[in-house]
Amino acid sequence: MNVQSLNLKISAVLAIACFALLPPECTSKMFTRCQLAKELLRHDFPRSYLSNWVCLVENESSRSTSKVMQLPNQSVSYGLFQINSKNWCRKGRKGGICNIKCEDFLNDEISDDSRCAMQIFNRHGFQAWPGWVNKCRGRSLPDVSRC
């Protein structure tokens, strides 16, 4: 076996081992529409606004908890709800209005994401999210009645 193929095998084994050793809270999730609707209800989102929240998440993060978006103003939006680092969280340490590390929005546990999203909603409504404004407001919303 030559050195190059040995290095490739060692790299592959290390990558698999590192991934396998990640704690569950480091994993991300891609929700289906119904999984998302059920999860939002579980986190006390009101059923009357459920279609709006699903539409918002679909247009902000494509239902992925791991989405990170660098914006032109040098701020970064994180996770399912694309919560922005400018006001709501701080990169690398707790902070912002939600008093949380932005990276905490990138795992599949959405309790903290949900609390912060509700804080944003209570202050600014759905208008705080460009995805909702541009793709959901005044438009046909996702049907989650069968979820």
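Just so you know, these numbers use all the heavy atoms, side chains as well, and skip hydrogens, waters and symmetry mates.
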Sub-4.5 Å side-chain heavy-atom contact between Ser77 and Phe105: no

Chi angles and distances behind the side-chain contact (heavy atoms from CB on, under 4.5 Å) call for Asp108, Ser28: CA-CA 5 Å; Asp108 66 357; Ser28 64; 5.8 Å; no

Pairing of Arg33 and Glu58 as salt bridge, 4.0 angstrom limit: yes

Check: Leu71 main-chain N/O paired with Gln74 side-chain donor or acceptor under 3.5 Å: no

Main-chain N/O of Ile100 paired with Asp104 side-chain donor or acceptor, under 3.5 Å: no

Side-chain heavy atoms of Ile120 within contact of Ile83, under 4.5 Å: yes

Distance (rounded to the nearest 0.5 Å) between Arg42 CZ and Gln35 CD: 12.0 Å

Check: Arg90 side chain, Gly95 main-chain N or O, donor-acceptor pair, under 3.5 Å: no

Separation between SG of Cys55 and CG of Leu141, rounded to the nearest 0.5 Å: 5.5 Å

Backbone of Gly92 reached by a side-chain donor or acceptor of Glu103 within 3.5 Å: yes

For the student: nearest non-hydrogen atoms of Lys38 and Cys147, plus distance: CE-C, 3.6 Å

Pairwise side-chain contact, Val76 with Met69, heavy-atom cut-off 4.5 Å (strictly under): no

Leu36 side chain near Val144 side chain, heavy-atom distance below 4.5 Å: no

Donor-acceptor pair between Ser64 and Ser66 side chains, under 3.5 angstrom: yes

Atom pair CD/CG of Glu39 and Asp113 - distance to nearest 0.5 Å: 10.0 Å

Heavy-atom check, side chain of Arg146 versus side chain of Cys34, under 4.5 Å: no

Leu56 side chain near Lys135 side chain, heavy-atom distance below 4.5 Å: no

side-chain contact (heavy atoms from CB on, under 4.5 Å) between Lys91 and Lys101, intermediate numbers included: CA-CA 6 Å; Lys91 186 175 179 184; Lys101 281 189 339 185; over 6 Å; no

Residue pair Thr65 / Leu106, side-chain heavy-atom distance below 4.5 Å: no

Arg115 side chain vs Ile110 backbone, donor-acceptor pair below 3.5 Å: no

Verdict with reasoning, Ser114 to Phe45, per side-chain contact (heavy atoms from CB on, under 4.5 Å): CA-CA 8 Å; Ser114 298; Phe45 283 76; 3.4 Å; yes

Pairwise distance CG(Leu41) to CG(Leu50) - rounded to 0.5 angstrom: 4.5 Å

Sub-4.5 Å side-chain heavy-atom contact between Glu60 and Phe81: no

Cluster link Val133 to Val57, ILVMFWY, side chain under 4.5 Å: yes

Flag for Asn52-Trp132: side-chain donor and acceptor within less than 3.5 Å: yes

Interatomic distance, Gln127 atom CD to Arg137 atom CZ [nearest 0.5 angstrom]: 6.5 Å

Worked check of side-chain contact (heavy atoms from CB on, under 4.5 Å) between Cys89 and Cys98: CA-CA 6 Å; Cys89 61; Cys98 292; 5.7 Å; no

Phe121 and Trp129 aromatic centres sub-6.0 Å: no

Aromatic contact, Phe126 with Trp53 (centres under 6.0 Å): yes

Minimal non-hydrogen separation, Ser61 against Lys67, with atom names: CA-CD, 3.6 Å

Nearest-0.5 Å distance that lies between atom CZ in Arg139 and atom CG in Asn59: 9.0 Å

